[in-house]
Number of protein chains: 2
Amino acid sequence: MTKKLNSDPVCAVDYAFQRIGGKYKGRIIWYLHTYTVLRYGELKRSIVGITPKMLTQTLRELEEDDLVIRRVYSEVPPKVEYTLTESAKELIPFIDHLREWGDKRMGNYKIICQ
Amino acid sequence: MTKKLNSDPVCAVDYAFQRIGGKYKGRIIWYLHTYTVLRYGELKRSIVGITPKMLTQTLRELEEDDLVIRRVYSEVPPKVEYTLTESAKELIPFIDHLREWGDKRMGNYKIICQ
DNA sequence: CCGTATCCCCGAAGATACTG
DNA sequence: CAGTATCTTCGGGGATACGG
């Protein structure tokens, strides 16, 4: 049983940040947008530095919050695909805007992204 | 001496979320936008549940990241005003739509905000 | 390939008291 | 009024090993 210890949001801004904040959610959503659909292993390789535990945990939270869809194929070897929900897609223009904002200010950090 | 232990961002999305993530930054920026200028005590009363330590700490981080301006008046009693920088104002459309997105999905939680 | 299961650490955040 | 100064807690996240 998963514990959701997010305290009750005090306003919509708070609510939203509780759902897309955290260390990896922004990047996961962004990658799922740019590649449309990604398998678990592909996400694992895309999200630099993430451990399997955190990837699974974060994906489950996103799924529970209706931001990603998890599609399991009953095959051997296993295959699981993740995509964004319509609700999550509504956020894309703004995450994109945020990305450009960040890009302008990053300056020296010129590390490859996507 | 302040420790900035944010690990190096791996991309612009990561960079941006490191700067406006955290428990209170979104709300602080949003309130500073809606009221244009707020004093320390006004922020303290607006950001429900925040302790003085966290408010000061968060404001300092925002200042260091060129997101808020801290204006000190040499008066007795002391008066300190906080405003958003131009850089932070560029984020307002993002936070505003995030707020609307959150508002649509909040459902039951109908707690007063702003 | 796609995860779980454990154990563990550290830093964000809280509580409380005090000050120029 | 606008903060500091300490001490403490807690849970997000890390490391590692294993499993269907």
Side-chain angles (χ1 to χ4, degrees), chain A residues 1-10 14 17-28 31-32 37-65 68-83, chain B residues 1-10 14 17-28 31-32 37-65 68-83:
Chain A
M1 73 193 114
T2 311
K3 310 247 176 165
K4 281 289 274 183
L5 293 185
N6 270 349
S7 47
D8 285 348
V10 297
D14 196 24
F17 270 97
Q18 284 185 9
R19 260 126 208 103
I20 65 162
K23 191 165 181 179
Y24 302 107
K25 286 182 177 176
R27 274 193 276 165
I28 289 179
Y31 282 119
L32 285 178
V37 48
L38 286 172
R39 299 177 60 171
Y40 180 89
E42 294 173 326
L43 273 168
K44 177 106 179 48
R45 270 170 267 122
S46 304
I47 311 296
V48 176
I50 201 169
T51 60
K53 184 193 125 186
M54 283 312 297
L55 180 55
T56 301
Q57 181 179 309
T58 309
L59 285 168
R60 291 294 186 281
E61 287 176 16
L62 290 170
E63 194 188 0
E64 198 167 333
D65 287 331
V68 308
I69 296 162
R70 178 171 182 268
R71 180 166 295 127
V72 183
Y73 295 87
S74 298
E75 310 175 353
V76 177
K79 176 177 169 183
V80 182
E81 288 180 343
Y82 293 90
T83 51
Chain B
M1 74 194 110
T2 312
K3 311 250 176 162
K4 279 290 269 183
L5 293 185
N6 270 350
S7 48
D8 286 347
V10 297
D14 195 25
F17 271 97
Q18 284 186 9
R19 258 124 210 104
I20 65 162
K23 192 164 182 180
Y24 301 105
K25 287 182 178 176
R27 274 193 277 166
I28 289 179
Y31 282 118
L32 284 178
V37 47
L38 286 172
R39 299 177 61 170
Y40 181 89
E42 294 174 327
L43 273 167
K44 177 104 180 48
R45 268 169 268 123
S46 304
I47 311 297
V48 176
I50 200 169
T51 60
K53 184 194 124 186
M54 283 311 297
L55 179 55
T56 300
Q57 180 180 310
T58 309
L59 285 168
R60 292 292 187 280
E61 287 175 16
L62 291 170
E63 194 187 0
E64 198 167 332
D65 286 332
V68 308
I69 296 163
R70 179 172 181 265
R71 180 166 296 124
V72 183
Y73 295 87
S74 298
E75 311 175 352
V76 177
K79 176 178 171 183
V80 180
E81 289 180 344
Y82 293 90
T83 50

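Since this is a predicted model, take the numbers as computed values, not measurements. Chain naming here is simple, since letters A, B, ... match the order of the sequence lines and numbering starts at 1 in each.
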Legend entry - Angle between terminal axes - the helix from dC1(C)-dG20(D) to dG20(C)-dC1(D), 5 pairs each end, rounded to 10°: 60°
Legend entry - Interatomic distance where CD belongs to Gln57(A) and C1' belongs to dC7(C) [whole Å]: 15 Å
Legend entry - Qualifying salt bridge (charged side-chain N to carboxylate O under 4.0 Å, His left out) pairs, either residue in residues 37-53 of chain B, two or more places apart: none
Legend entry - All side chain to side chain donor-acceptor pair (under 3.5 Å) counterparts of Tyr82(A), not counting sequence neighbours: Arg70(A)
Inset, instruction - Figure out the CD1/C1' separation between Ile50(A) and dG13(D), and round it to whole Å. - result: 10 Å
Inset, instruction - Kindly give the heavy-atom pair with the smallest separation between Asp14(B) and Asp8(B), and that separation in Å. - result: OD2-O, 4.3 Å
Inset, instruction - For Tyr73(A), answer base if it contacts any base atom (sugar-phosphate contacts may also be present), sugar-phosphate if it contacts only those atoms, and nothing otherwise; contact means non-hydrogen atoms under 4.0 Å. - result: nothing
Inset, instruction - Please list, chain by chain and in numerical order, all residues satisfying side-chain contact (heavy atoms from CB on, under 4.5 Å) with Val76(B), sequence neighbours excluded. - result: none
Inset, instruction - Could you tell me which non-hydrogen atom of Arg27(A) sits nearest to which non-hydrogen atom of Val48(A), and how far apart they are? - result: NH1-O, 3.4 Å
Legend entry - Length of the NZ-P vector between Lys23(B) and dG11(C), whole Å: 19 Å
Legend entry - Pairwise distance CG(Leu43(A)) to CD1(Ile28(A)) - rounded to 0.5 angstrom: 6.5 Å
Legend entry - Arg27(A) CZ to dG13(D) C1', straight-line distance once rounded to whole Å: 13 Å
Inset, instruction - Provide, to the nearest angstrom, the distance between the CG atom belonging to Leu38(A) and the C1' atom belonging to dC1(C). - result: 15 Å
Legend entry - Whole angstrom value for the distance that separates P of dA12(C) from CD of Gln18(A): 18 Å
Inset, instruction - Using the test side chain to side chain donor-acceptor pair (under 3.5 Å), find all partners of Thr56(B) that sit at least two apart in sequence or belong to another chain. - result: Tyr40(B)
Legend entry - Nearest heavy-atom neighbours spanning Thr83(A) and Val37(A): CG2-CB, 3.6 Å
Legend entry - salt bridge (charged side-chain N to carboxylate O under 4.0 Å, His left out) partners for Glu63(A), two or more places apart: none
Legend entry - Whole-Å gap separating C1' (dC2(C)) and CD1 (Ile47(A)): 16 Å
Legend entry - Whole-Å gap separating P (dA5(C)) and CG (Leu55(A)): 16 Å
Inset, instruction - Treat primed atoms plus P, OP1 and OP2 as sugar-phosphate and everything else as base, then score nucleotides 1-6 of chain D 5' to 3': B for base contact with protein heavy atoms under 4.0 Å, S for sugar-phosphate contact only, - for none. - result: BSBB-B
